[in-house]
Colleague: 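Here's a structure for you.
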Amino acid sequence: MNQSGASAQDDLLRRAAEALARRDPQSALGRIDQADAMGATHDGTLNRALALRLLGDFHGALAVLDDALAMQPYDFAALLGKASMLEQVGQGRSAADVYRNALKIAPPRERCPPVIQNQIDHAAGVVRRQAEALRDHMRSQVAALRGAVDAATLDRFDEGLEIYAGLKTAPKQEPLLLDYPRLPPIPFYDRAMFPWLETLEAATPVIKAELEALLAGGMEDFAPYIAYPKGAPVNQWGELNHSRKWSSLWLWKDGARQDAVCERCPRTAALLESLPMCRQDGFAPTAVFSALQPRTHIPAHTGSSNVRLLTHLPLILPGPARFRVGNTVRDWKMGEAWVFDDTIDHEAWNDADAMRVILIFDIWNPYLSEAEQSLITAMMQARRSFGG
């Protein structure tokens, strides 16, 4: 097509768009027919579909939208339009599938005008309701088999079912420093893998007594857990950066024993020495009393390396306090410790009206042999020395 022909076609399509804005679909179709005589265009095809929709010809609009998607398969507007037409003709499940594909390529919501934001919200609602219906159907079909498995297996199965239905995503490891291969992404580990947890839990009263003695002198030795330097991007940590809402007192830090603190809680320090903490000169262990003030939320984040896991032991629980790792939310309970993978997205809430304190320390990932632990440590030290 020469330049004058292209200009004429553009003019016809512009006039068609103006007719649609006036809600005059018949005039719009006439202009689009004239423009198509010079060659079909994606914009013209989309506007033809809109004109047919305004005329109530939903099946015709669907067919034309398929033509538009044949030209540009990843066109967000065409996918939204097709899903909407499928809803109009009573094909709800097919509409949900198309909406799901549209949401995968949706532009950032904050960059969309309100009308598109409303369409995105509608699409998300349709997709979620379809996923909930699928979840409920699958649950009903497997109900008779649920009694044959134990509670832990059932918990995992239920999470898997919701992932399969599209309501949740599978937890994944996102380490900030070292993403070591072939280690399973397990949010909370089976406590049977750590028989020493019973020893730790039995010592709760001793550790709590030493902690309370430390707290009796005030919290001057506790420092903000988040302390980014001036000018560094704080991202989700804006509220907690340099804040005593979340503070810590270190017993071990980056592998170095904090003697002044350990001498003030000697029985706690001795117990930790006896446990299989992760030992990497210059990196680990880390052991810390972590204090969270009332009604404070620690936003979602991930840890540095999946070669080690974290242990939590609650020491002061004045009321409800929650912890989420991946898709699993648990409440802390006095006398109960757990081991989790902190490279999986996690967050915490102190919902009580008083301060919550837990003991945190790291251990090696149990899927690593002692020889591999040594190799990993040497590798990490080599990287550090390479950087001067």
Colleague: Is the shortest heavy-atom distance from the side chain of Y225 to the side chain of S247 under 4.5 Å?
Modeller: no
Colleague: Is N350 reaching over with its side chain to a backbone N or O of A354, donor-acceptor style, under 3.5 angstrom?
Modeller: yes
Colleague: Establish, from distance only, whether the side-chain atoms of D43 and T41 form a donor-acceptor pair under 3.5 Å.
Modeller: no
Colleague: Would you sort out whether L249 and V288 count as a side-chain contact (heavy atoms from CB on, under 4.5 Å), showing the intermediate values?
Modeller: CA-CA 6 Å; L249 182 62; V288 61; 5.5 Å; no
Colleague: Give the intermediate values and the outcome of side-chain contact (heavy atoms from CB on, under 4.5 Å) for residues V89 and L62.
Modeller: CA-CA 10 Å; V89 299; L62 263 175; 4.1 Å; yes
Colleague: Donor-acceptor pair, Q258 side chain versus W252 backbone, under 3.5 Å?
Modeller: no
Colleague: How many angstroms lie between OG1 in T204 and CG in L200, if you round to the nearest 0.5 Å?
Modeller: 6.0 Å
Colleague: Can you find a pair of side-chain heavy atoms, one from T286 and one from L310, that are under 4.5 Å apart?
Modeller: no
Colleague: Could you check whether any side-chain heavy atom of F194 comes within less than 4.5 Å of a side-chain heavy atom of L275, counting everything from C-beta outward?
Modeller: no
Colleague: Report yes if some heavy atom in the side chain of I344 is under 4.5 Å from a heavy atom in the side chain of E174; otherwise report no.
Modeller: no
Colleague: Mind checking whether L178 and L375 sit in one hydrophobic cluster, side chains of I, L, V, M, F, W, Y counted as touching below 4.5 Å?
Modeller: no
Colleague: Answer yes or no: is there a donor N or O on one side and an acceptor on the other, between the side chain of S84 and the main chain of L80, under 3.5 Å?
Modeller: no
Colleague: Would you check if the side chain of N235 reaches a backbone N or O of W237 as a donor-acceptor pair within less than 3.5 Å?
Modeller: no
Colleague: Distance under 6.0 Å and angle within 45° of the ring axis: does R308 meet both against W364?
Modeller: no
Colleague: Using side-chain contact (heavy atoms from CB on, under 4.5 Å), reason through Y367 and I186 one step at a time and then give a plain yes or no.
Modeller: CA-CA 12 Å; Y367 288 96; I186 301 172; 4.2 Å; yes
Colleague: Taking S27 for its side chain and D24 for its backbone only, find out whether a donor-acceptor pair lies under 3.5 Å.
Modeller: no
Colleague: If you apply the rule side-chain contact (heavy atoms from CB on, under 4.5 Å), what do you find for N365 with Y180, and how did you get there?
Modeller: CA-CA 11 Å; N365 190 305; Y180 199 71; over 6 Å; no
Colleague: Would you please test R191 and E198 for salt bridge (Lys or Arg N to Asp or Glu O under 4.0 Å) and show each step?
Modeller: CA-CA 9 Å; R191 61 180 290 121; E198 293 185 3; 5.3 Å; no
Colleague: Counting N and O atoms only, with roles assigned by atom type, does the side chain of Q117 sit under 3.5 Å from a partner on the main chain of R109, one being a donor and the other an acceptor?
Modeller: yes
Colleague: I'd like to know whether the aromatic ring centres of H122 and Y99 sit less than 6.0 Å apart in this structure.
Modeller: yes
Colleague: Are D67 and R48 within salt-bridge range, i.e. N to O under 4.0 Å?
Modeller: no
Colleague: Taking the six-membered ring for Trp and the full ring for Phe, Tyr or His, determine whether the centres of W338 and F323 are under 6.0 Å apart.
Modeller: yes
Colleague: Under 4.0 Å between a Lys/Arg side-chain N and an Asp/Glu carboxylate O for R267 and E210?
Modeller: no
Colleague: Is a side-chain N or O of S248 found less than 3.5 angstrom from the main chain of W250, in a donor-acceptor match?
Modeller: no
Colleague: Could you state whether V261 and L215 fall into the same hydrophobic cluster, counting links through intermediate Ile, Leu, Val, Met, Phe, Trp or Tyr residues with side-chain heavy atoms under 4.5 angstrom apart?
Modeller: yes
Colleague: Between P107 and C112, is any pair of side-chain heavy atoms under 4.5 Å apart?
Modeller: yes
Colleague: Using side-chain heavy atoms (C-beta onward) and a distance below 4.5 Å, is Y189 in contact with F340?
Modeller: no
Colleague: Determine whether the aromatic ring centres of F222 and W246 lie less than 6.0 Å apart.
Modeller: no
Colleague: Under 4.5 Å between side-chain heavy atoms, counting indirect links through other Ile/Leu/Val/Met/Phe/Trp/Tyr residues: same cluster for F283 and I376 or not?
Modeller: yes
Colleague: Do R264 and D221 have side chains that approach each other closer than 4.5 Å (heavy atoms only, starting at C-beta)?
Modeller: yes
Colleague: Please determine whether a side-chain nitrogen of the Lys or Arg among R146 and D158 lies less than 4.0 Å from a carboxylate oxygen of the Asp or Glu.
Modeller: yes
Colleague: Please say whether the positively charged group of R356, taken as NZ for Lys or CZ for Arg, lies over the ring of W332, i.e. under 6.0 angstrom from the six-membered ring centre and within 45 degrees of the axis.
Modeller: yes
Colleague: Is K168 paired with E159 through a side-chain N to carboxylate O contact shorter than 4.0 Å?
Modeller: no
Colleague: Can you tell me if Q173 uses its side chain to pair, donor with acceptor, with the backbone of P184 under 3.5 Å?
Modeller: yes
Colleague: Examine F361 and L368 and state if one hydrophobic cluster contains both, with Ile, Leu, Val, Met, Phe, Trp and Tyr joined whenever side-chain heavy atoms are less than 4.5 Å apart.
Modeller: yes
Colleague: What about I363 and L359, same hydrophobic cluster or not, with Ile/Leu/Val/Met/Phe/Trp/Tyr joined at side-chain heavy-atom distances under 4.5 Å?
Modeller: yes
Colleague: Quick one: does N47's side chain have a donor or acceptor within less than 3.5 Å of a partner on A17's backbone?
Modeller: no
Colleague: Are side-chain N/O atoms of H301 and D345 paired as donor and acceptor at under 3.5 Å?
Modeller: no
Colleague: Establish, yes or no, whether the cationic atom of R330 lies under 6.0 Å from the six-membered ring centre of F188 and within 45° of the ring axis.
Modeller: yes
Colleague: Does the salt bridge (Lys or Arg N to Asp or Glu O under 4.0 Å) test come out yes or no for D11 and R31, once each step is laid out?
Modeller: CA-CA 9 Å; D11 182 63; R31 302 290 183 266; over 6 Å; no
Colleague: Are the charged groups of E273 and R257 less than 4.0 angstrom apart, N to O?
Modeller: yes
Colleague: Does the pair D351 and R295 meet the rule for a salt bridge (Lys or Arg N to Asp or Glu O under 4.0 Å), with working shown?
Modeller: CA-CA 5 Å; D351 299 317; R295 304 294 174 180; 5.0 Å; no
Colleague: With distance as the sole criterion, is a donor-acceptor pair present between the side chains of T153 and D150 under 3.5 Å?
Modeller: yes
Colleague: For residues H242 and I226, determine if any side-chain heavy atom of one lies less than 4.5 Å from a side-chain heavy atom of the other.
Modeller: no
